[in-house]
2 protein chains.
Amino acid sequence: MATPSRRDTPGALTGQAEDYLKVIYHLERSGEAAATSDIAAELGVAPASVSGMLQRLARLGLVRVERYRGARLAPPGRHVALQLIRRHRIIESFLATKLGYSWDDVHDEAERLEHAASTELIERMAESLGHPTADPHGAPIPTVEGRVDERSLRSIAEMTVRETARVVRMSDRDPAFLRYLAGVGLTPGVEVTIVAIAPFDGPVELRIARKRVSIGAAAAGQVFIEPV
Amino acid sequence: MATPSRRDTPGALTGQAEDYLKVIYHLERSGEAAATSDIAAELGVAPASVSGMLQRLARLGLVRVERYRGARLAPPGRHVALQLIRRHRIIESFLATKLGYSWDDVHDEAERLEHAASTELIERMAESLGHPTADPHGAPIPTVEGRVDERSLRSIAEMTVRETARVVRMSDRDPAFLRYLAGVGLTPGVEVTIVAIAPFDGPVELRIARKRVSIGAAAAGQVFIEPV
DNA sequence: CGGAAAAGTTAGGATGTACTAACATTCTGA
DNA sequence: TCAGAATGTTAGTACATCCTAACTTTTCCG
Ligand SMILES: [Mn+2]
Ligand SMILES: [Mn+2]
Ligand SMILES: [Mn+2]
Ligand SMILES: [Mn+2]
C-alpha cells in the first residue's frame with residue numbers, strides 16, 4: 001500500500017505526491033510551467049524521480065505534463081495543493097500562537113503534520129485561532145473553498161527613498177533569515193520607511209519604529225510590503 | 001526511500017514499523033509472545049505481511065522472533081513503542097482538552113499524528129497540559145524515560161456487591177463504546193458502587209453519583225477501577 | 001496418537017518512491 | 001547555425017509494504 005498519508009479522504013494521495021503538487025503550485029506562480037529540475041531541487045530528489053512522479057500525477061489527472069517542457073496543475077491538482085497549503089499555514093499559525101513556537105521553527109513541523117492532520121483537526125485549529133487569514137510569515141491562508149489572495153506584492157527592494165509601507169510577508173524558507181528579520185524588527189504588520197538606498201545592489205537603509213536599520217539588497221527583496 | 005515517517009530522529013522508522021511495535025507491545029502485555037495472526041488482526045493486514053515485517057524488525061534488532069512462535073520486543077523496540085504510546089496519549093489529551101474533541105474521537109487522529117509529531121511538539125503539548133499522567137480514557141502516559149505505570153487493574157466485572165471503587169480507565173478501541181460509557185456516566189474519576197450482579201454473565205447494576213445504571217457483563221469487563 | 005484444523009511462513013507479484021547511468025531533447029552562444 | 005551545455009527522460013535496480021496462493025509447522029481433539 002506504500003504509505004498513503006491516511007487522512008480522512010478515501011482515495012487519499014501519499015504525502016509525497018501532495019508535496020509535489022504543492023511545489024508545482026509555488027513554481028507555477030511565476031507563470032511558467034514548473035520545470036523538472038526546479039521541482040527536484042525544491043524537494044531534494046533527483047530529476048529522474050520527478051519525471052517518474054509527474055507521470056503518475058498525470059495519470060491521476062492532477063497535472064498536465066508536456067514532455068521536456070514542464071508541468072502545470074490541472075484543476076483537481078490545484079485543489080489538492082491549495083488545501084495542503086491551507087493545512088500548512090493553519091498549522092504554522094497554531095504552533096506559533098498556541099504552543100509558543102518561534103516563527104522560524106514552525107515550518108518543518110508543519111511540513112510533516114500537513115499530511116497527517118484531518119480536515120476536522122485543521123478546522124478546529126482555525127476555529128481556535130479565530131480563522132486567521134495569514135500565517136506567521138504573512139502568507140495568506142487559502143479558504144476551505146480554495147480561494148486565496150495571491151496578489152503579488154512589492155518588496156522592500158522595490159521601494160523608493162522616503163516611501164513608507166507596511167510589511168505584509170516574507171519568505172519563510174530559511175529559519176536563520178527569519179531570526180535575522182525578527183532581530184532587526186522586520187515582522188508582518190510593522191511600518192518601514194526607506195531612508196537611503198545604496199547603488200549597485202548596496203544595502204537599503206530604513207527606519208522601523210524610530211530605529212535605523214540597514215539590510216542587504218537580497219534580504220530587502222525577500223520582504224514584501226503594501227501601501228499603508 | 002519508502003516514506004519514513006520523517007520525525008526528528010535521524011534513522012527514523014516508518015510509521016508502519018512503529019505501529020507494529022506498538023501492537024506487539026500491547027499484545028505482549030498478556031505475558032505471551034505476540035502471535036502473528038493477532039498482530040495481523042490488530043493492524044488489519046494479512047498474516048503474511050506480518051511475517052515479513054517481523055523479519056525486518058528482527059534484522060533491526062527491535063524484536064526477537066521465534067519462528068512459528070511469535071514475537072517479543074527487544075529493549076530498543078520496547079523503547080520505540082513506549083515513546084510512540086507517549087506521543088499517542090499526549091496527542092489524545094491535547095485534542096480533547098485544548099481543541100474540544102470528544103473523547104471517542106481522538107483516537108484515529110492520534111493514530112496518524114503520533115508518527116508525524118516531533119519530540120519538540122509532544123513536549124510542548126505536554127507542557128501546555130501541565131504534564132498529564134493519563135490520557136482521556138485513563139491510560140497512563142509513559143514518561144520521556146520510558147517509565148509507565150502498568151499495574152493491571154481490576155475491572156467492574158470483578159467487583160463484588162456493595163463494593164465501591166473509582167473508575168480509572170477503559171478500553172478506547174471503540175468510539176461507540178466510549179459514547180455509551182459517557183452516556184451512562186462512566187468516565188475516569190467517577191465513583192461506582194455495585195448494587196447487584198446478575199448470574200450467568202448477566203448485567204451488573206451499579207450506582208454512579210446517585211444514579212442507578214445497569215450495564216452488560218462485557219462492558220463491565222472493559223472498565224477498570226481502583227480502590228477509593 | 002494421529003490426522004485434520006489452525007496458525008505461520010515462503011514464494012511470487014504489485015505499487016510507490018527513490019537512485020544512478022545512459023540516452024534524448026532543448027537551449028545557447030560563438 | 002550548430003555543437004556543446006543544460007535539461008529532461010528512460011532503463012534498470014532497490015526497498016518498504018502490501019497481497020494471494022501454496023506450503024509447513026503446530027495444535028487440538030476424537
Ligand atoms: Mn509536506
Ligand atoms: Mn509560512
Ligand atoms: Mn499509528
Ligand atoms: Mn487513549
Side-chain angles (χ1 to χ4, degrees), chain A residues 1-7 9 11-24 27 30 32-72 77 80 111-112 115, chain B residues 1-7 9 11-24 27 30 32-72 77 80 111-112 115:
Chain A
M1 213 190 282
T3 319
S5 74
R6 324 203 171 295
R7 281 204 333 289
T9 347
L13 291 170
T14 62
Q16 253 84 343
E18 287 185 323
D19 276 341
Y20 273 86
L21 293 172
K22 185 170 67 169
V23 163
I24 293 166
L27 289 171
S30 71
E32 304 290 300
T36 297
S37 54
D38 291 346
I39 300 170
E42 205 65 36
L43 290 170
V45 301
S49 307
V50 174
S51 290
M53 179 65 96
L54 289 181
Q55 284 169 16
R56 248 170 286 138
L57 295 174
R59 210 174 353 98
L60 294 169
L62 298 167
V63 301
R64 253 135 349 116
V65 182
E66 246 186 290
R67 246 157 122 258
Y68 290 102
R69 299 242 105 105
R72 286 177 190 280
V80 171
E111 197 58 55
R112 281 174 282 106
H115 309 291
Chain B
M1 212 192 282
T3 320
S5 74
R6 325 205 169 295
R7 281 202 333 290
T9 348
L13 292 169
T14 62
Q16 251 84 344
E18 286 185 323
D19 275 341
Y20 274 85
L21 293 171
K22 184 169 67 169
V23 164
I24 294 166
L27 290 173
S30 71
E32 305 289 301
T36 297
S37 54
D38 291 346
I39 300 170
E42 204 65 35
L43 290 169
V45 300
S49 306
V50 175
S51 290
M53 178 65 96
L54 289 181
Q55 284 169 14
R56 248 170 287 135
L57 294 174
R59 208 170 358 93
L60 294 170
L62 297 168
V63 301
R64 255 142 338 123
V65 182
E66 246 187 291
R67 242 155 125 260
Y68 290 101
R69 299 245 106 102
R72 286 177 190 279
V80 171
E111 197 58 53
R112 282 174 282 104
H115 309 290

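Note that this is a predicted model, so its numbers are computed, not measured. First the proteins, then the strands, lettered A, B, ... as listed; each starts at 1.
- Here the side chains of A:His115 and B:His115 are not in contact, with every heavy-atom distance at 4.5 Å or above.
- Distance, B:Tyr68 OH to C:dA7 P: 14 Å, rounded to whole Å.
- B:Arg69 comes within contact range of the sugar-phosphate backbone alone, with a heavy-atom separation under 4.0 Å but no base atom that close.
- With distances taken from any side-chain atom of A:Ser37 to the nucleotides D:dG8, C:dT9, D:dT17, the minimum falls on D:dG8.
- The salt bridge (charged side-chain N to carboxylate O under 4.0 Å, His left out) pairs that include a residue from residues 47-67 of chain B number zero, where partners must be two or more places apart or lie in different chains.
- Distance from the side chain of B:Ala48 is smallest for D:dT20 among the nucleotides D:dT9, D:dT20, C:dC19.
- Rounding to whole angstrom units, CG of residue A:Asp19 and P of C:dA18 are separated by 10 Å.
- At whole-Å resolution of the value, CG in A:Leu43 and P in C:dC19 are 10 Å apart.
- Not one side-chain nitrogen or oxygen of A:Tyr20 sits closer than 4.0 Å to the OP1 or OP2 atom of C:dG16.
- The side chain of A:Met53 sits closest to C:dA18 out of C:dA18, C:dA7, D:dC19.
- You'll find the side chain of A:Tyr20 stays beyond 4.5 Å of the side chain of A:Leu13, heavy atoms only.
- At D:dC19, one or more side-chain N or O atoms of B:Ser49 fall inside 4.0 Å of OP1 or OP2 (strictly under the cut-off).
- Of the side-chain N and O atoms in A:Ser51, none sit less than 4.0 angstrom from OP1 or OP2 of D:dT10.
- Checked against C:dT17, D:dC18, C:dT9, the side chain of B:Pro47 finds its nearest nucleotide in C:dT9.
- Residue A:Gln55 places no side-chain N or O under 4.0 Å from the OP1 or OP2 atom of D:dT9.
- Note: CD (A:Glu66) to P (C:dT25) measures 15 Å, nearest angstrom.
- Summarising the geometry, the separation between CG on B:Leu54 and P on C:dA7 is reported as 16 Å, rounded to the nearest angstrom.
- For B:Leu13 and D:dT17, the CG to C1' distance is 14 Å, given to the nearest whole Å.
- A 4.5 Å side-chain heavy-atom check between B:Lys22 and B:Asp19 finds at least one atom pair inside the cut-off.
- With distances taken from any side-chain atom of A:Ala46 to the nucleotides C:dT20, D:dT9, C:dA11, the minimum falls on C:dT20.
- Taking 4.5 Å as the limit, some side-chain heavy atom of B:Leu54 sits within range of a side-chain heavy atom of B:Ile24.
- Atom CZ of B:Arg59 and atom P of D:dC15 are 9 Å apart (whole Å).
- Remark: B:Thr14 is not in phosphate contact with D:dA16, judged by side-chain N or O atoms under 4.0 Å from OP1 or OP2.
- For the pair B:Arg67 and D:dT26, the criterion of a side-chain N or O lying under 4.0 Å from OP1 or OP2 is not met.
- Atom CG in B:Leu62 sits about 15 Å away from atom C1' in D:dA16, given to the nearest Å.
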